[in-house]
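Worksheet: the structure to be examined is printed underneath.
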Amino acid sequence: MRIRLDVAYDGAGFHGWAAQPGLRTVEGELSAALATVLRLPSVDLTCAGRTDTGVHARGQVVHADLDQLPEGTERLARRVNGVLTADLRVLRVAEAPAGFDARFSALWRRYAYRVADRPASADPLRRGYVLTWPRPVDERLMNAAALGLLGEHDFASFCRRREGATTVRTLLDLSWSRDPDGVLVAHVRADAFCHSMVRSLVGCLMTVGEGRRPAEWAAGVLVAAQRDSAVAVAPAHGLTLEEVGYPPDAELGARVEITRARRG
């Protein structure tokens, strides 16, 4: 049977999602905890989006294939959390519907990037997931620049290339707003993201927000389809994977085939 796990974590203590020898990772810790509770040699995991070192998640989705589940899913969640440390939590466990794949069934992933650019919004109690910025930025300029990035494009200018991997993505939403405490929040949603894409987009738009580049510069960077040294990659700790969207159960299998074809 396949189970779905909804997972949250504080990324500060992890070297990203993917298991790496000798390093503490989300995949490594969660897999080991499941193996301990289920008394298995190992448990293989697939996640919706591989987060980088220091990136947080409150809406990560994971699946695992098991020969059987000797206990209820709610009890499994409690037992796994009893093994895990407090910076990694399993929020829910459920038997996955037919055709479900945490990665390839997903329609979109939504991230938020938080910035405190005013002294009054730089709360030290939130410094672990909000970037403190020393200069004010104008969200109106950033929103104007973001319009030129929406849609399906080759985002090579904002990604670290990986051998054999496409950098074509569909950016569904990219906008900035302020929360009631004055913290700037970038809302970013796409069908998928390539390595460092969100943080590079944020870095590009922050440059515009400071007035160092005009709004149309961001679209020019995109069209160039190559890394621009003027685009800084924003620090990891301001980024959180908030939510992953899936189609209705009856469409999960078809979505897998569509996604695999596009990635191929």
Side-chain angles (χ1 to χ4, degrees), residues 1-112 128-129 162 165 192-193 195 236-237 239-249 251-253 255-256 259-260 263:
M1 64 177 295
R2 174 164 290 184
I3 60 171
R4 168 178 168 162
L5 303 95
D6 291 79
V7 179
Y9 47 88
D10 180 337
F14 295 99
H15 289 267
W17 162 266
Q20 302 176 63
L23 295 177
R24 184 174 186 254
T25 68
V26 179
E27 182 181 23
E29 293 292 301
L30 182 56
S31 176
L34 282 163
T36 297
V37 169
L38 297 172
R39 299 182 181 179
L40 295 173
S42 63
V43 176
D44 293 330
L45 302 176
T46 298
C47 73
R50 294 187 173 191
T51 51
D52 295 334
T53 298
V55 175
H56 315 296
R58 60 162 54 96
Q60 179 70 276
V61 180
V62 181
H63 82 242
D65 293 326
L66 307 173
D67 290 334
Q68 60 180 349
L69 188 62
E71 54 193 275
T73 53
E74 184 176 341
R75 185 163 182 258
L76 177 60
R78 290 198 304 269
R79 292 189 63 199
V80 171
N81 284 330
V83 175
L84 294 170
T85 52
D87 56 353
L88 172 57
R89 296 284 92 182
V90 174
L91 305 178
R92 286 170 295 278
V93 179
E95 184 173 352
F100 177 80
D101 184 294
R103 178 185 179 192
F104 290 113
S105 292
L107 292 172
W108 46 262
R109 288 89 172 156
R110 180 172 64 84
Y111 283 84
Y129 61 94
R162 287 178 172 171
F193 294 93
H195 190 217
H237 73 274
L239 184 61
T240 302
L241 173 58
E242 298 282 350
E243 185 183 10
V244 182
Y246 293 93
D249 290 355
E251 300 173 16
L252 289 168
R255 177 63 186 178
V256 169
T259 304
R260 287 186 183 279
R263 300 291 175 86

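Keep in mind that the numbers below use all heavy atoms, side chains included, and drop hydrogens, waters and symmetry copies.
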Worksheet item: Given the rule in the side-chain contact (heavy atoms from CB on, under 4.5 Å) test, do Val55 and Leu241 qualify, once you have shown the distances and angles that lead to the verdict?
Response: CA-CA 8 Å; Val55 175; Leu241 173 58; 5.6 Å; no
What's the separation between atom [atom1] in [X] and atom [atom2] in [Y], rounded to the nearest 0.5 Å?
{"X": "Thr51", "Y": "Arg109", "atom1": "OG1", "atom2": "CZ", "answer": "12.5 Å"}
{"X": "Tyr9", "Y": "Leu84", "atom1": "OH", "atom2": "CG", "answer": "13.0 Å"}
{"X": "Thr53", "Y": "His237", "atom1": "OG1", "atom2": "NE2", "answer": "14.5 Å"}
{"X": "His56", "Y": "Tyr111", "atom1": "NE2", "atom2": "OH", "answer": "12.5 Å"}
{"X": "Glu27", "Y": "Thr46", "atom1": "CD", "atom2": "OG1", "answer": "8.0 Å"}
{"X": "Arg89", "Y": "Arg58", "atom1": "CZ", "atom2": "CZ", "answer": "15.5 Å"}

Item to complete: On the 0 to 90° scale, with breaks at 30° and 60°, tag the Phe100-Tyr246 ring pair as parallel, tilted or perpendicular.
Response: tilted
I want to check something: taking the side chain as every heavy atom from C-beta on, are [X] and [Y] in contact at a cut-off of under 4.5 Å?
{"X": "Val62", "Y": "Val90", "answer": "no"}
{"X": "Leu40", "Y": "Leu66", "answer": "yes"}
{"X": "Leu252", "Y": "Pro247", "answer": "yes"}
{"X": "Cys47", "Y": "Gln60", "answer": "yes"}
{"X": "Asp101", "Y": "Arg2", "answer": "yes"}
{"X": "Val80", "Y": "Leu38", "answer": "no"}
{"X": "Asp87", "Y": "Phe14", "answer": "yes"}

Worksheet item: Is atom CD of Glu74 surrounded by more than 12 heavy atoms (other residues, nucleotides or ligands) closer than 6.0 Å?
Response: no
Worksheet, complete the sentence: Between Glu95 and Thr73 the two heavy atoms that sit nearest each other are N-CG2, 4.1 Å
Worksheet, complete the sentence: Closest non-hydrogen contact found for Ala106 with Val244 is CB-CG1, 3.7 Å
Worksheet item: Could you walk me through whether Leu5 and Leu34 pass the side-chain contact (heavy atoms from CB on, under 4.5 Å) check?
Response: CA-CA 11 Å; Leu5 303 95; Leu34 282 163; 4.2 Å; yes
Worksheet entry | Test applied, side-chain contact (heavy atoms from CB on, under 4.5 Å); reference residue, Val7; option that passes from Leu91, Leu88, Leu45, Val61 | Leu88
